[in-house]
Amino acid sequence: MARNHFKVSMEALVSLCKRRGFIFQGSEIYDGINGFWDYGPLGCELKRNIREAWWRDIVQRRENIVGLESAIIMHPKVWEASGHVSSFADPMVDCKACHKRFRADQLCEEQGLQLVKTAKGFELPAAAKCPACASPELIAPRSFNLMLKTFVGPVEEESALTYLRPETAQGIFVQYANILAVSRQKIPFGIAQIGKAFRNEINPRNFTFRSREFEQMELEFFIKPGTEAEWFVYWVKERLRWYETIGLSAVSLRQYEYRADELAHYASACVDIQYDFPFGFQELEGIAARGDFDLRQHQKFSGKSLEYFDPETGEKFVPHVVEPSAGVDRIALALLCEAYREEWVPGGDQAGEVLVAEPGKPAPAGYEARTVLGFAPWIAPIKVAVFPLLKNKPDLVQKGREVFALLQKRWNCFWDVAGAIGRRYRRQDEIGTPYAVTIDFQTLTDNTVTLRERDSMKQTRLTIAALPDHLAAALD
Ligand code: ATP
């Protein structure tokens with residue numbers, strides 16, 4: 001798929017998200033809380049469509065992958081076993097002059113420097129400066145654990161301490177044996193989970209990209225030791241294919257392969273799938289071959305066997321795992337960036353050449369400016385808008401209601417009776433609705449309506465009876 005030519009700025013995107021009800025700052029009436037976001041009416045539909053597209057592709061269309069919804073709060077030992085208590089930390093630096101706080105690795109990367117790893121932790125190179133005030137006086141990096149703590153029960157004491165999960169994956173590992181026992185699966189098989197995760201990020205930034213509360217879609221695919229290399233390649237390919245099916249163009253996706261010295265000690269391979277955001281290529285998903293590290297750790301800490309018995313060969317082993325781990329919020333942001341475009345279109349929705357708008361400039365004579373979210377139809381929050389031509393003509397409104405009821409049974413639809421038709425089309429273009437149906441006086445005589453397509457702006461006349469099948473071909 002080719003990328004649309006318009007490169008959106010974060011300012012334009014954030015403004016549209018707020019104005020049209022995709023994403024709001026969390027707790028905004030109290031001046032917000034950094035790193036938390038609320039998804040409005042359109043944003044929550046967009047996220048539902050992403051989750052559903054993932055679930056359909058990962059779970060429903062495969063026989064050997066099943067789902068799980070585990071609790072957000074787990075036994076604190078889970079996080080000792082997984083290594084999160086001891087090492088789920090980022091190096092943090094404080095500026096002595098302005099007292100702002102940063103992630104040392106990000107600060108170095110942005111300044112073209114290399115953070116130095118020492119036996120005791122990390123050291124900043126001498127040239128590092130505060131990104132806010134440019135002071136060279138920075139306090140040496142300290143390790144900061146990203147898990148959010150809470151207490152379970154009425155007394156806030158050390159023994160009641162636990163964590164909001166920083167990833168959904170551990171819920172899968174600790175239920176692995178139960179699921180294996182009940183699902184009659186044989187290796188290779190997978191367990192998938194979608195759910196909230198929490199990280200006390202030092203520097204939440206880039207809109208929703210780095211938040212403190214976010215949602216993950218994770219798969220643990222359990223395999224026989226020795227087959228990791230082939231399954232790893234398989235999952236990287238599968239996941240890249242999926243990103244293209246939801247509408248991200250191949251040119252705005254890339255793979256970042258970890259070097260041996262960047263891999264966790266237990267991992268044999270890791271690839272990040274990155275998207276070309278307005279702030280640069282950044283991770284949407286990590287795919288890692290994690291060996292048997294997680295199951296072995298839980299076996300050790302729980303004292304329960306997590307070995308698999310292969311009925312065909314009679315072998316016993318702890319399965320290895322390949323883990324594709326994606327973030328719903330980052331995918332939603334990528335889809336918004338990819339879909340956003342400003343265009344100059346022939347006035348009055350006439351057929352003709354569509355021009356890529358030049359930001360800040362008015363449309364040339366005979367053209368109108370429009371903003372479009374060119375979502376793939378199955379990702380668009382609203383699929384069809386229904387417009388009776390005039391709101392003060394009861395017959396039109398009544399007929400419109402009938403069409404709306406017919407389509408609403410199958411798709412998320414939008415009812416709009418207010419204002420000129422052209423303006424109603426523009427409002428739908430801006431939120432990415434692929435189709436609009438207009439009910440006019442002719443409808444009352446022959447039961448035909450006008451179907452208008454968002455991208456081409458082409459209008460076709462067809463009967464109400466033919467509408468559902470016609471739309472289904474594009475939407476389902
Ligand atoms: P990063 O290096 O960007 O901090 P990570 O490598 O720590 O990310 P993982 O632990 O691999 O991320 O988490 C898997 C996925 O969860 C990421 O690819 C991303 O989509 C999502 N994710 C992780 N942290 C955040 C966050 N703070 N905000 C939003 N999404 C996140």
Side-chain angles (χ1 to χ4, degrees), residues 23 26 33-39 43 47 50-51 54 58 72 79 82-84 87-92 102-110 115 143-148 163-173 192-220 235-236 239-240 242-243 246 248 253-258 262-264 266-267 269-275 277 279-290 293-294 321-337:
I23 303 171
I33 168 165
N34 199 6
F36 297 88
W37 300 94
D38 295 340
Y39 288 81
K47 280 185 76 182
I50 295 168
R51 282 186 218 112
W54 187 85
I58 297 291
I72 285 175
W79 307 111
S82 68
H84 283 80
S87 54
F88 191 58
D90 280 336
M92 172 176 81
F102 306 92
R103 237 173 87 174
D105 53 334
Q106 287 174 348
L107 180 149
C108 289
E109 196 186 313
E110 283 161 13
L115 186 64
S143 187
F144 174 77
N145 192 296
L146 299 182
M147 282 202 293
L148 277 152
Y163 307 93
L164 301 186
R165 66 180 177 200
E167 62 174 35
T168 61
Q170 296 305 321
I172 297 177
F173 291 122
Q193 163 150 249
I194 299 180
K196 290 273 186 161
F198 303 82
R199 296 182 188 178
N200 201 3
E201 296 281 357
I202 296 166
N203 256 173
R205 59 183 186 167
N206 289 331
F207 199 22
T208 54
F209 179 84
R210 189 170 299 287
S211 312
R212 289 178 166 142
E213 174 176 339
F214 55 95
E215 205 171 355
Q216 290 187 314
M217 304 191 288
E218 295 195 296
L219 165 68
E220 300 303 331
W235 280 110
V236 172
R239 297 301 302 138
L240 278 166
W242 183 78
Y243 282 106
I246 61 166
L248 298 181
L253 291 167
R254 81 175 185 198
Q255 297 177 47
Y256 175 79
E257 215 166 300
Y258 283 53
E262 291 176 302
L263 288 172
Y266 46 80
C270 187
V271 156
D272 285 347
I273 296 180
Q274 300 181 334
Y275 177 75
F277 287 99
F279 43 86
F281 271 99
Q282 293 285 338
E283 173 180 338
L284 289 178
E285 166 160 355
I287 302 164
R290 300 176 59 87
F293 175 77
D294 304 271
V321 79
V322 173
E323 176 195 80
S325 168
V328 184
D329 310 82
R330 288 188 185 177
I331 295 170
L333 187 60
L335 285 167
L336 284 159
C337 293

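Start at 1 and go down the list; that is how both ligands and their atoms are numbered. Computed from a prediction, not measured in an experiment: that's the story for all the values here.
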**Complete:** K196 and E213 have their tightest heavy-atom pair at NZ-OE2, 2.8 Å
**Item:** Identity and separation of the nearest protein heavy atom to atom 7 (O) of ligand 1
**Value:** R199 NH1, 3.0 Å
**Asked** Which residue supplies the protein heavy atom nearest to atom 6 (O) of ligand 1, what is that atom called, and how far is it?
**Response** E283 OE1, 3.3 Å
**Prompt:** What part of E201, side chain, backbone, both or neither, has a heavy atom within less than 4.0 angstrom of ligand 1?
**Reply:** side chain
**Request:** Check each atom of ligand 1 against the heavy atoms of G327 and keep those under 4.0 Å away; list them by number with element.
**Result:** 20 (O), 21 (C)
**Item:** Residues forming a side chain to side chain contact (heavy atoms under 4.5 Å, CB included) with A192, sequence neighbours excluded
**Value:** W54, W55, I58, V59, I65, L219
**Nearest-0.5 Å distance that lies between atom CZ in F198 and atom CZ in R212** = 13.5 Å
**Message:** Parallel, tilted or perpendicular, judged at 30° and 60°: which one describes the rings of F209 and F277?
**Reply:** perpendicular
**Proximity to ligand 1 by part of R212, non-hydrogen separation under 4.0 Å** = neither
**CD/E257: more than 12 non-hydrogen atoms of other groups inside 6.0 Å** = no
**Asked** Do F207 and W37 have ring centroids that are under 6.0 Å from one another?
**Response** yes
**Side chain, backbone, both or neither: L284 near ligand 1, heavy atoms under 4.0 Å** = backbone
**atom 19 (C) of ligand 1 [closest protein heavy-atom partner, distance rounded to 0.1 Å]** = R330 NH1, 3.4 Å
**Shortest protein heavy-atom distance from atom 16 (O) of ligand 1, along with the residue and atom involved** = Q216 NE2, 3.2 Å
**Complete:** Among non-hydrogen protein atoms, atom 4 (O) of ligand 1 lies closest to R210 NH1, 2.7 Å
**Complete:** for atom 28 (N) of ligand 1, nearest protein heavy atom and its distance come out as S211 N, 3.0 Å
**Message:** With heavy-atom distances below 4.0 Å as the criterion, list the atoms of ligand 1 near E285.
**Reply:** 18 (O)
**Item:** Partner set under ring-ring contact (aromatic ring centres under 6.0 Å, His included) for Y243, not counting sequence neighbours
**Value:** none
**Message:** Just to confirm my output: which protein heavy-atom neighbour is closest to atom 29 (C) of ligand 1, and how far is it?
**Reply:** F209 O, 3.1 Å
**Asked** What residue and heavy atom of the protein are closest to atom 15 (C) of ligand 1, and at what distance?
**Response** S325 O, 3.7 Å
**Message:** If I take atom CD from residue E285 and atom CG from residue L253, how far apart are they, to the nearest 0.5 angstrom?
**Reply:** 10.5 Å
**Euclidean distance, R210 CZ relative to D329 CG, rounded to 0.5 Å** = 12.5 Å
